[in-house]
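These notes concern the structure reproduced below.
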Amino acid sequence: MSIHPFPWQHAIIVGASSGIGEALARALAAGGADIALIARRADRLEALAADLNHRAGRPAAFWLEHDVRKTAEIPALFQEAATRLQGLDLIVYAAGIMPRVGPKSYPTDDDLATVEVNFAGAVAWLNQAAVRFQRAGAGTIIGISSVAGDRGRRGNPVYNATKAALNSYLEALRNRLAVHGVTVLTAKPGYVQTDLIRDLPLPGIIPRIPPAQAAAAILDAAAAQRRVAYIPGWWRWIMLIIGLIPAPIFERLNV
Ligand SMILES: NC(=O)c1ccc[n+]([C@@H]2O[C@H](COP(=O)([O-])OP(=O)(O)OC[C@H]3O[C@@H](n4cnc5c(N)ncnc54)[C@H](OP(=O)(O)O)[C@@H]3O)[C@@H](O)[C@H]2O)c1
């Protein structure tokens, strides 16, 4: 169940051009927030902003084209977004990539790109928000991590590692900022029907949820000031079981 209205008026979403980021933008705009949409695909951002503005009947969204690997751009872009929004009370870092990795492949270029997008970009964007929110004594930070960060699984070592690093960074931000009135949510989705996993051979027994369902659960968790939220919540139990598997057995399992 969603908590409406959401408590945010001015939001930045990094990685807003598709999937979970787009669904978060749609939910927030429908809830009355103004949103800065950030990603590389300008055509998708432009179409999304136009659609959000049309549905809201007001200028609810604008977009900024940006590649998170260009970290030198981020301080100025952050200021531009906050200024055009006329305030900021929420930032979501949803940008992420998951290049396919064969069982005998160790693709360093893809791995380093994954580190840059999934982790370094998050640090560069969320550090900006941390400074602003700490000074203001208020604000919400949402990092879109993954269940993949809970354990080093054989399928995609560096994707898992970037999510584990993101979890640790977000926990540390939370420990710094909670005393300043700032909420930091680590969102850990399981399988969400987006381009990221479209061609992955996943176990059919575990359902994939639509991005809109994931977005609603993420925003509900943040509005409730949760620290960590599995999306949907039953992934907590799956990951608890996976976490309990002893290492010698885990080495033999393709999970
Ligand atoms: N789908 C799942 O099952 C699942 C599960 C757990 C966690 N997640 C996480 O959820 C987040 C969103 O992924 P998604 O599933 O919604 O997939 P998606 O539809 O592929 O969205 C990925 C987003 O990241 C942006 N992005 C990628 N590289 C970027 C770059 N260099 N600079 C700026 N933006 C960049 C993309 O925008 P552009 O390409 O336009 O730049 C897009 O907006 C990711 O962090 C992913 O790891 C997804």
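Keep in mind it's a predicted model, so treat the numbers as computed, not measured. Count residues from 1 along the sequence. Computation of the quantities below employed the complete heavy-atom set of this structure, encompassing side-chain atoms and omitting hydrogens, waters and symmetry-equivalent molecules. Indexing begins at 1, ligand by ligand and atom by atom, following the structure's order.
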Seminar exercise, completed: Counting heavy atoms under 4.0 Å, the part of S145 that contacts ligand 1 is backbone
For this session: Ignoring angles and geometry beyond distance, decide whether K163 reaches within less than 3.5 Å of ligand 1 through its nitrogen or oxygen atoms.
Result: yes
Exercise. Hey, does G15 come in under 3.5 Å of ligand 1, counting only N/O atoms on both sides?
Worked result: yes
Exercise. Out of curiosity, is Y93 lining ligand 1, as in a heavy atom under 4.0 Å away?
Worked result: no
For this session: Mark the output for G190 as yes if a heavy-atom distance to ligand 1 is under 4.0 Å, and as no if none is.
Result: yes
Exercise. Identify the closest protein heavy atom to atom 15 (O) of ligand 1: which residue and atom is it, and at what distance?
Worked result: T194 OG1, 2.5 Å
Seminar exercise, completed: Checking heavy-atom distances from atom 24 (O) of ligand 1 to each of A214, G21, G96, G121, the winner is G96
For this session: Output yes when the distance from some N or O of ligand 1 to some N or O of R69 is under 3.5 Å, and no in every other case.
Result: no
Seminar exercise, completed: If you compare A95, S17, A94 by their heavy atoms, the one closest to atom 34 (N) of ligand 1 turns out to be A95
Exercise. How far is atom 48 (C) of ligand 1 from its nearest protein heavy atom, and which residue and atom is that?
Worked result: L196 CD2, 3.5 Å
Exercise. Is there a nitrogen or oxygen of I197 sitting under 3.5 Å from a nitrogen or oxygen of ligand 1?
Worked result: no
Exercise. Which bit of V117 gets closer than 4.0 Å to ligand 1, counting heavy atoms only: side chain, backbone, both or neither?
Worked result: side chain
Exercise. Which bit of I38 gets closer than 4.0 Å to ligand 1, counting heavy atoms only: side chain, backbone, both or neither?
Worked result: neither
Problem set entry | Contact (N/O only, under 3.5 Å) between S146 and ligand 1 | no
Only distances under 3.5 Å count here; give the side-chain donor-acceptor pairs of residues 11-34 to other protein atoms, sequence neighbours excluded, each with its distance to 0.1 Å.
from : atom 1 : to  : atom 2 : distance (Å)
S17  : OG     : R41 : NH2    : 3.2
S18  : OG     : R41 : NH2    : 2.8
E22  : OE2    : R26 : NE     : 3.1
E22  : OE2    : R26 : NH2    : 3.2
R26  : NH1    : D51 : OD2    : 2.7
R26  : NH2    : D51 : OD2    : 3.3
D34  : OD1    : R58 : NH1    : 2.5

Seminar exercise, completed: Closest non-hydrogen contact found for Y159 with A148 is CE2-CB, 3.7 Å
